[in-house]
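To start, the structure itself, in structure tokens.
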There are 2 protein chains.
Amino acid sequence: MNLLNPKMAVAVDLVVFTVAARSLQVLLTQRQEEPFKNLRALPASIIHLSETLDEAARRILRMIAKSENVYLEQLYSFSHPRRDPRGRVVTVAYFALVKAEKVALIPQSSAIWYPIDALEKLAFDHQEIIQYALERLRNKLEYTTAAFQLLSQRFTLSELQGIYEIVLGKKIDKRNFRKKLKALNILKDCGMVKREGNHRPARLYTFSEFRFIKLRDRGILFPF
Amino acid sequence: MNLLNPKMAVAVDLVVFTVAARSLQVLLTQRQEEPFKNLRALPASIIHLSETLDEAARRILRMIAKSENVYLEQLYSFSHPRRDPRGRVVTVAYFALVKAEKVALIPQSSAIWYPIDALEKLAFDHQEIIQYALERLRNKLEYTTAAFQLLSQRFTLSELQGIYEIVLGKKIDKRNFRKKLKALNILKDCGMVKREGNHRPARLYTFSEFRFIKLRDRGILFPF
DNA sequence: GCAAAAGTGTTCTGTCTACACCCATGT
DNA sequence: ACATGGGTGTAGACAGAACACTTTTGC
């Protein structure tokens with residue numbers, strides 16, 4: 001039996017999220033050729049023969065942006081036989097979280113940030129893939145520490161709360177939010193403040209991976 | 001640019017779970033040829049050119065068992081370049097939940113049930129895939145109604161509790177379990193009993209999809 | 001009558017929600 | 001002095017965990 005089907009390809013599509021300007025943004029490239037020429041599309045590539053899907057995802061990310069410490073996870077595989085008019089392409093979607101100010105887009109890649117709530121028509125089934133990624137992101141935020149992946153190392157409590165409000169699309173009570181974080185004991189006060197605007201300066205915190213791991217091992221989660 | 005890489009194949013592997021004899025079981029076939037000849041392996045197949053991954057998963061299931069109303073969902077894609085010694089095969093794993101007594105295994109498929117806690121060495125990376133599926137199953141049970149997929153239409157509360165105890169691998173308090181189910185109001189008393197052994201007969205219930213949907217739309221989940 | 005599983009409530013504790021005012025700064 | 005966001009506590013409702021005895025049946 002010959003396993004190998006010469007008419008099939010495997011691709012990786014990337015849904016890269018960031019939060020900037022008080023809105024959730026996704027990284028899109030512009031199609032330079034048919035099909036879907038000139039439409040926006042997710043960064044993607046056919047995988048190479050000797051790389052894993054994860055490696056392909058990192059490679060694609062490097063092609064469009066210089067970045068570090070990127071959170072990346074596999075999302076879902078999309079397989080409609082005619083999702084790509086050129087032939088049979090099964091694509092494995094990945095989703096990534098980056099800190100807006102730590103990412104330098106590579107100009108010749110044509111990649112730019114788009115607010116998630118003002119997307120135009122996209123190439124292929126990419127609208128569906130983004131929708132799926134968005135649901136996953138919201139779930140992640142609700143019971144993991146994914147939110148810290150969207151902030152720089154030091155952040156204020158208001159910035160952190162903003163991430164939750166922007167991604168989940170709802171207001172959160174300030175006192176309850178802070179009370180819960182204090183109880184979880186996963187933040188460390190840096191002893192510094194952030195001065196900005198004509199108001200009281202805000203304390204800066206860092207996420208304490210060490211304290212978090214102790215909690216996780218006791219099965220404690222993050223219900224926001 | 002030619003998209004299609006002639007040296008790659010996409011497969012679907014199935015992790016089919018059931019609960020029987022107070023243990024969690026998984027469906028395995030026996031390899032008839034190299035590689036891994038005579039070892040147990042997950043049911044699998046290369047996908048056809050014009051079927052989706054979901055369709056391939058259903059087709060594989062039909063090849064090994066006659067069954068109905070099977071819960072099926074995509075799990076994860078495994079892609080190590082040398083996971084199959086014959087060539088590059090990216091596999092998309094699916095996981096399925098079936099009611100033991102509603103499944104008729106097809107004899108010539110060599111498929112049989114194996115208790116999850118007494119697995120021998122398996123072909124390919126199938127041990128890893130099963131491990132991943134098991135984690136997903138436990139999560140599913142904790143905040144969805146997946147447990148009902150493992151029981152016949154009518155069941156007793158003790159049978160339902162047994163599913164949770166067997167899959168999660170821990171004892172649950174009978175009174176708390178029943179109190180929560182009563183509060184959730186997703187079960188309907190059939191007005192029948194199950195007589196069995198020398199003890200009081202047990203009431204039979206059915207899962208009320210209708211009541212469940214009303215709850216789910218209010219965002220109410222199932223924390224066991 | 002006895003073995004075996006079915007069935008049933010209360011108390012305690014911890015967590016979530018709702019809610020309003022003072023503080024520190026820049027202009 | 002005023003505008004702006006930073007920072008703080010309490011009370012009530014609800015949900016989870018611990019815990020033991022009575023009921024109904026087959027033999």
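Scope of the values below: all heavy atoms of this structure, side chains included, with no hydrogens, waters or symmetry mates. Bear in mind the structure is a predicted one, so any value in this text is a computation, not a measurement. Below, chain A is the first sequence line, B the second, and so on; all start at residue 1.
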Any chance you could lay out the salt bridge (Lys or Arg N to Asp or Glu O under 4.0 Å) test for B/E165 and B/K170, step after step, and finish with the verdict? CA-CA 5 Å; B/E165 291 182 339; B/K170 66 178 185 194; over 6 Å; no
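A donor-acceptor pair under 3.5 Å is formed between the side chain of A/T18 and the backbone N or O of A/V98. No donor-acceptor distance shorter than 3.5 angstrom exists from the side chain of B/S79 to the backbone of A/T52, with no hydrogens or angles considered. A distance-only check finds a donor-acceptor pair linking the side chain of A/Q30 to the backbone of A/N38 [under 3.5 Å].
Residue A/L157 contributes atom CG, which lies 12 Å from atom C1' of D/dT8 at whole-angstrom precision. Rounded to an integer number of Å, the gap from A/L160 CG to D/dG6 C1' is 15 Å. For A/D189 and D/dT8, the CG to C1' distance is 15 Å, given to the nearest whole Å. When the C1' atom of C/dT17 is taken as reference, atom CZ of A/F177 falls 16 Å away, rounded to whole Å. Following rounding to the nearest Å, B/R178 (CZ) and D/dT23 (C1') show an atom-to-atom distance of 12 Å. Between B/Y164 atom OH and D/dG16 atom P the separation is 13 Å, expressed in whole Å. Nucleotide C/dA18 holds its P atom 15 Å from the NZ atom of A/K171, rounded to whole Å.
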So which protein nitrogen or oxygen atoms get under 3.5 Å of nucleotides 10-14 of chain D's nitrogens or oxygens?
unit_1	atom_1	unit_2	atom_2	d
D/dT10	O4	A/K179	NZ	3.4

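Comparing B/S158 and B/D173 by the nucleotide of DNA chain C that holds the closest heavy atom to each, the one mapping nearer the 5' end is B/S158.
Applying the 3.5 Å distance criterion, the base of C/dA6 shares a donor-acceptor pair with the side chain of B/K174.
Across residues 191-204 of chain B, B/R195, B/G197, B/N198, B/H199, B/R200, B/P201 each have a non-hydrogen atom less than 4.0 Å from an atom of DNA chain D (numbered order).
Side-chain atoms of A/S158 and A/R178, non-hydrogen and from C-beta on, do get closer than 4.5 Å to each other. Between A/L150 and A/I166 there is no side-chain heavy-atom pair separated by less than 4.5 Å.
Here A/R175 does not reach the OP1 or OP2 of D/dG7: none of its side-chain N or O atoms lies under 4.0 Å away.
No more than 12 heavy-atom neighbours from other residues, nucleotides or ligands sit within 6.0 angstrom of CZ on B/R154.
Here the two rings, on B/Y76 and B/F78, have centers that are under 6.0 Å apart.
Atoms OG1 and CG, on B/T206 and B/L151 in that order, are 12.0 Å from each other to the nearest 0.5 Å.
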